[in-house]
Amino acid sequence: MQSGKMLYICAFKIFLLTLLPIQCAFSDENMSVDDFVNYVNPPAVHRYKEEDGGAILCVRFEDQLSLRSPTSYTSGRRGSSKHNGKGSGGNHSRSCPPEMLAFREVSKEDVLRAGGVARYTRKPYPATINPLSEHDSIPSHKYAVVEFTFNAPVVGTSAKHSVWKPRVAKDAYYSLSQVWVSEENRLETVEAGWLVDPQRHGDDKPRFFTYWTADRYQTTGCYNANCPGFVVLMNNFGELSSTKSNERSQYELTITIILTERDGEPVWDLHAFGTVVGYWPCNLFRFISQSSSLIVYGGEVSYKSKRTGEVLSNTEMGSGHFPSGDQWMANANIRQIQFSRGSGAENFKVDKYLMASNTKCYDVVVKQDHGFGGLHIFYGGPGGGAQDCQA
């Protein structure tokens with residue numbers, strides 16, 4: 001198969017360039033939907049159906065895509081499974097054995113509904129996390145975020161994210177809230193948060209996601225475990241299909257990303273749901289392989305491009321309300337934001353910049369509350385449902 005041949009060529013190039021950060025990555029440019037589905041779904045010891053009709057694959061740790069691929073970027077492995085690989089898992093007919101990982105099966109229908117392999121695996125079209133310099137394209141991206149820069153290297157961040165169920169209009173792709181761990185060139189990021197993406201997921205539920213890119217969303221990186229890169233450690237990773245959020249009630253999710261080592265190699269660990277979800281090996285990157293110089297928190301909406309002066313997509317961000325610093329239960333918020341510094345300046349300094357692409361559509365505010373956990377941001381808006389919100 002042609003895609004398999006290209007993967008082995010890529011692996012050979014990596015062997016020759018072992019002293020450099022890995023730039024040879026999974027490519028979906030010429031991969032058919034059938035080939036992608038066969039490629040991305042790991043071999044399963046057991047498979048069972050969920051209530052929503054989707055399927056969960058029970059997989060040995062070493063059989064996940066980031067470890068079994070010839071382009072594996074990972075350092076170190078967890079102990080191999082003791083399961084014999086036969087049968088259905090005994091009493092685990094509706095769950096995976098504790099030594100297995102649960103992955104949600106990717107179906108051909110999922111990929112076609114999303115619009116193809118590239119749209120399923122990656123954020124739609126080239127994007128940027130610099131709201132002030134982005135221009136409307138196909139698609140467009142609107143942001144309401146706070147950028148944090150530092151006078152010393154940063155090796156971690158943590159915050160509590162309120163989770164909502166924003167309305168995503170038919171002319172939009174998604175509405176999300178997340179953290180970006182990046183650098184001043186904005187080429188490389190590791191990301192985590194929640195999003196509503198009806199085309200990709202087939203429903204309007206908010207879902208936990210991970211993401212990475214090494215070239216500003218051009219050709220590298222992907223969501224979750226849809227390409228080699230992110231290594232899953234959390235057993236029920238595939239069952240994180242939705243949160244407990246309703247339209248106007250809050251659910252809170254603590255997300256931590258921190259630089260650490262595994263088997264002597266640096267990695268960015270991702271913690272959520274009270275456990276380690278997985279990690280990104282630092283040899284995926286050049287600029288954030290040892291620390292971060294830019295961390296961003298807030299919301300993003302992606303929609304089909306509008307002509308100047310047209311009403312913007314009627315897609316909500318966060319709770320669908322404009323932010324206010326004193327209405328916790330009505331506003332989307334990210335609170336108790338913390339940073340872990342590496343070596344460097346004795347007097348650690350954090351600078352913050354509020355970035356809203358169009359404040360008549362979506363906005364962001366910051367609240368400093370020393371008596372209630374420190375730094376919090378409030379963000380969101382109704383989009384085209386607001387007066388004077390235009391492209």
Side-chain angles (χ1 to χ4, degrees), residues 40-48 50-52 54-69 72-83 89 92 94-106 121 156-161 163 176-179 181 190-195 201 205-212 221-245 251-263 265-282 284:
V40 75
N41 286 313
V45 171
H46 173 54
R47 178 181 183 272
Y48 66 90
E50 287 197 300
E51 292 181 1
D52 64 3
I56 294 294
L57 304 177
C58 301
V59 178
R60 294 184 181 90
F61 172 77
E62 63 270 22
D63 286 339
Q64 63 178 291
L65 184 57
S66 288
L67 296 181
R68 63 183 168 89
S69 168
S72 172
Y73 305 141
T74 59
S75 57
R77 303 188 178 199
R78 195 170 61 178
S80 61
S81 167
K82 296 179 181 179
H83 200 278
H92 304 284
R94 292 285 297 172
S95 64
C96 291
E99 70 274 15
M100 298 285 173
L101 300 176
F103 286 88
R104 190 173 177 89
E105 184 178 50
V106 177
T121 57
T157 187
S158 181
K160 300 179 184 296
H161 300 244
V163 182
L176 62 75
S177 170
Q178 67 168 85
V179 54
V181 175
V190 294
E191 311 172 17
W194 59 266
L195 85 163
H201 299 134
K205 296 178 181 179
R207 296 173 183 253
F208 178 75
F209 76 95
T210 73
Y211 201 91
W212 70 274
C222 63
Y223 286 108
N224 303 330
N226 292 152
C227 69
F230 185 71
V231 181
V232 177
L233 297 177
M234 187 178 187
N235 293 86
N236 62 335
F237 181 77
E239 297 171 342
L240 303 177
S241 58
S242 65
T243 69
K244 301 176 182 178
S245 173
Y251 168 72
E252 196 167 65
L253 174 64
T254 300
I255 297 175
T256 301
I257 298 177
I258 189 143
L259 188 70
T260 186
E261 287 190 356
R262 292 187 177 274
D263 295 338
E265 297 295 332
V267 302
W268 286 103
D269 261 9
L270 171 63
H271 298 243
F273 306 97
T275 189
V276 182
V277 178
Y279 64 89
W280 296 273
C282 284
L284 287 167

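The first residue in the sequence is number 1, and the count goes up from there.
The shortest distance between side-chain heavy atoms of F208 and V277 falls below 4.5 Å. With contacts defined as side-chain heavy-atom distances shorter than 4.5 Å, the pair V181/E191 does not qualify. Residues H161 and E252 fail the side-chain proximity criterion, which asks for heavy atoms closer than 4.5 Å. In this structure the side chain of V163 reaches within 4.5 angstrom of the side chain of P206, judged on heavy atoms. Between C96 and N236 the shortest side-chain heavy-atom distance does not fall below 4.5 Å. By the 4.5 Å heavy-atom criterion applied to side chains, H201 and R207 are counted as neighbours.
Put simply, CH2 on W194 and CD1 on I255 are 10.5 Å apart, with the number rounded to the nearest 0.5 Å. Rounded to the nearest 0.5 angstrom, L57 CG and R47 CZ are separated by 7.0 Å. One finds the CG atom of N226 at 10.0 Å from the CZ atom of F103 (value rounded to the nearest 0.5 Å). Rounded to the nearest 0.5 Å, atoms OG1 (T210) and CH2 (W268) are 15.0 Å apart. The structure places CD of E50 at 11.0 Å from CD of E105, a figure rounded to the nearest 0.5 Å. The line from CG of N224 to OG1 of T121 is 11.0 Å long, rounded to the nearest 0.5 Å.
Considering every non-hydrogen atom in both F209 and Q178, the closest pair reads CZ-OE1, 3.4 Å. Between A102 and I56, the shortest heavy-atom distance links the atoms CB-CG2, 3.7 Å. Closest non-hydrogen pair, A272 versus L253, comes out as CB-CD1, 4.3 Å. Nearest heavy-atom pair, G221 versus C227, reported as atom, atom and distance to 0.1 Å: C-SG, 3.8 Å. Among all heavy-atom pairs drawn from R68 and P43, the shortest one is NE-CD, 3.7 Å. R104 and G54 make their closest contact through NH2-CA, 3.7 Å (heavy atoms, listed as atom of the first residue, atom of the second, distance).
Under a 3.5 Å cut-off, the side chain of Q64 and the backbone N or O of V232 do form a donor-acceptor pair. Not one N or O on the side chain of S66 forms a donor-acceptor pair closer than 3.5 Å with the backbone of P228. Looking at E265, its side chain never comes within 3.5 Å of a backbone N or O of R262 through a donor-acceptor pair. For the pair N235 (side chain) and L101 (backbone), a donor-acceptor distance under 3.5 Å is absent.
For the side chain to side chain contact (heavy atoms under 4.5 Å, CB included) with Y279, the qualifying choice from L233, L270, I258 is L233, the only one to do so.
Relative ring orientation between W280 and F230 is described as tilted, the plane-to-plane angle lying within the 30° to 60° band. A perpendicular orientation is assigned to the rings of Y211 and Y223, their planes being inclined by more than 60° (bins at 30° and 60°).
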